[in-house]
Amino acid sequence: MQTTQAPDPYRDLEERVAAEPGAFRILTGDRPTGALHLGHYFGTLANRVRLQRAGVELFVLVADYQVLTDRDVAERMSEHVEGLVADYLAIGIDPSTATIFRHSAVPALNQLMLPFLSLVTVGELSRNPTVKDEIAASRQASVSGLMFTYPVHQAADILFCKSNLVPVGADQLPHLEVTRTIARRFNERYAPVFPVPDALLSAAPTLLGTDGRKMSKSRGNAIALSASPDETARLIRRAVTDADRHIEYAPDTRPEVSNLVLLAALCQGRDPREVAAEIGDGGAAALKRAVTESVNEFLRPIRARRAEVMADRGHLRRVLAEGNERATAIAGRTLDEVREAMAMAM
């Protein structure tokens, strides 16, 4: 008996994007809590550049308000915001077609949060598995109400510009489902204002930090895009490996060694098994030399472009101001539609 393979909705979506990129608008972004690193690049940043170059309209949010989700204060905010925008430009995001903006500069976006909160229940928010995980990861005795309403704030981010495509990892699907629920309920209760956005599921490999744990800005185990060659070499020299001199790519049994192999392979654009075979019995020292050379060569043009951007702070600030202005105009129109649909327009 012949069996038919179940359709893959994510593959089908990629095919639709490739066939008609202009039909899609993406919202994505980051919290300005520190330098972006290679985990960010291979996890999400490279995909943003790929989609923009394919013709998808890109909105990139500097989520400064969301820094307060799991922190008492937002330290060094201006520095981190500028650094984030510099990283975006350095990796190839084109501000002439992408809208790069920050939360706090677009009041109409944040105003959408209030009607959106009325469309979800306390039970739905408290059951959200991503919120539970983030509360646990915050390691705080108590968290602010902003953490609890984080998925609704994200819904406002996504829907203010009527984004219909959101690149996410599998762990972010519950957040996106809140957005989809809010869009459907608003459209059913009031008027068809919002698209119901689809998830573009990332197939990017997960990179561990140099200490074998999840790569994170706060753990000091990440290689920043802005790191110098010497700093990069120092971080890789400290990376965790194991006692076996033979180098192989075996993520299940040798995760730390395999993570370094994968990092070199990603930077070289090659299969990690080929990279491991080349190193062979060279041991951890040869592996770390190969990784250091690969990372530094990969980051060389990004560092050069970032240095140019940081040398002209006026240009960097103009990029953000122009993005804020575009986002503000779009958010204002969307808020007007929402008020009209809810019979609140004057």
Side-chain angles (χ1 to χ4, degrees), residues 29-47 63 66-67 69-71 74-77 79-80 83-84 86-88 90-91 130 133-140 169-172 202 204-244 247-268 272 275-276 279 283-300 302-303 306:
D30 305 277
R31 297 196 306 165
T33 55
L36 294 180
H37 52 66
L38 284 172
H40 292 124
Y41 182 87
F42 291 113
T44 64
L45 299 175
N47 198 35
Q66 288 179 358
V67 171
T69 301
D70 57 357
R71 298 166 189 242
E75 297 177 339
R76 299 166 59 195
M77 178 62 74
E79 175 188 337
H80 289 324
L84 203 57
D87 284 338
Y88 292 154
I91 64 164
T130 311
D133 290 345
E134 287 173 349
I135 289 173
S138 72
R139 301 186 300 276
Q140 293 180 315
D171 61 332
Q172 289 292 309
S202 172
T206 300
L207 281 172
L208 300 177
T210 53
D211 59 358
R213 298 184 296 167
K214 180 180 177 181
M215 191 174 287
S216 170
K217 304 173 192 175
S218 61
R219 289 175 176 159
N221 65 358
I223 301 169
L225 301 182
S226 56
S228 69
D230 287 345
E231 184 182 358
T232 299
R234 186 168 60 254
L235 284 165
I236 293 171
R237 279 198 302 270
R238 296 196 329 235
V240 175
T241 55
D242 59 35
D244 190 340
I247 301 302
E248 61 181 334
Y249 183 65
D252 291 337
T253 56
R254 300 181 68 187
E256 295 90 354
V257 165
S258 297
N259 183 63
L260 288 175
V261 172
L262 176 60
L263 179 54
L266 288 169
C267 289
Q268 296 178 27
V275 174
I279 299 169
L287 171 61
K288 291 179 181 182
R289 280 196 302 271
V291 175
T292 300
E293 291 170 4
S294 300
V295 170
N296 277 331
E297 181 59 25
F298 178 80
L299 287 179
R300 183 175 53 79
I302 294 175
R303 288 170 178 148
R306 195 179 192 279

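Being a predicted model, the structure only gives us computed values, none of them experimental.
In this structure, the side chain of T210 does not engage the main chain of I236 through any donor-acceptor pair within 3.5 Å. Side chain of R306 to main chain of A90: no donor-acceptor pair is present (N/O by atom type, distance under 3.5 Å, no hydrogens or angles). In this structure, H40 contributes its side chain and H37 its backbone to a donor-acceptor pair below 3.5 Å.
Using a 4.5 Å cut-off on side-chain heavy atoms (C-beta onward), L45 and L225 make contact. At least one side-chain heavy atom of V275 sits under 4.5 Å from a side-chain heavy atom of I279. No side-chain heavy atom of L260 sits under 4.5 Å from any side-chain heavy atom of I247. Proximity of L263 to I223: side-chain heavy atoms (C-beta onward) are separated by under 4.5 Å at one or more points. By the 4.5 Å heavy-atom criterion applied to side chains, P32 and V67 are counted as neighbours. Put simply, the side chain of L36 does not reach to within 4.5 Å of the side chain of Y41, judged on heavy atoms.
In this structure, NE2 in H80 is found 11.0 Å from CZ in R31, a value given to the nearest 0.5 Å. Note that CG of N296 is 5.0 Å distant from OG1 of T232, once rounded to the nearest 0.5 Å. Here SG of C267 is found 12.0 Å from CD of E293. Values are rounded to the nearest 0.5 Å. Separating the CG atom in D30 from the CD atom in Q66 is a distance of 10.5 Å, to the nearest 0.5 Å. Atom CG of residue N259 and atom CZ of residue R213 lie 13.5 Å apart, to the nearest 0.5 angstrom. One distance of note links OG1 of T292 with CG of L287; it measures 9.0 Å at 0.5 Å rounding.
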Next item on the list: Evaluate the side-chain hydrogen bond (donor to acceptor under 3.5 Å, both in side chains) criterion for residues N221 and R238: first the C-alpha distance (whole Å), next the side-chain angles of each, then the deciding distance (0.1 Å), finally the verdict.
Entry: CA-CA 9 Å; N221 65 358; R238 296 196 329 235; over 6 Å; no
Margin query: side-chain contact (heavy atoms from CB on, under 4.5 Å) for L208 and L262? Distances and angles first, verdict last.
Written below: CA-CA 10 Å; L208 300 177; L262 176 60; over 6 Å; no
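Residues K288 and A239 share a closest heavy-atom pair of NZ-O, 2.9 Å. Considering every non-hydrogen atom in both T241 and A284, the closest pair reads OG1-CB, 3.6 Å. When all heavy atoms of Y249 and S258 are compared, the closest pair comes out as CE1-O, 3.5 Å. Across every non-hydrogen atom of G212 and E256, the tightest pair is CA-CG, 4.2 Å. In terms of heavy atoms, A227 sits closest to R303 at O-NE, 2.6 Å.
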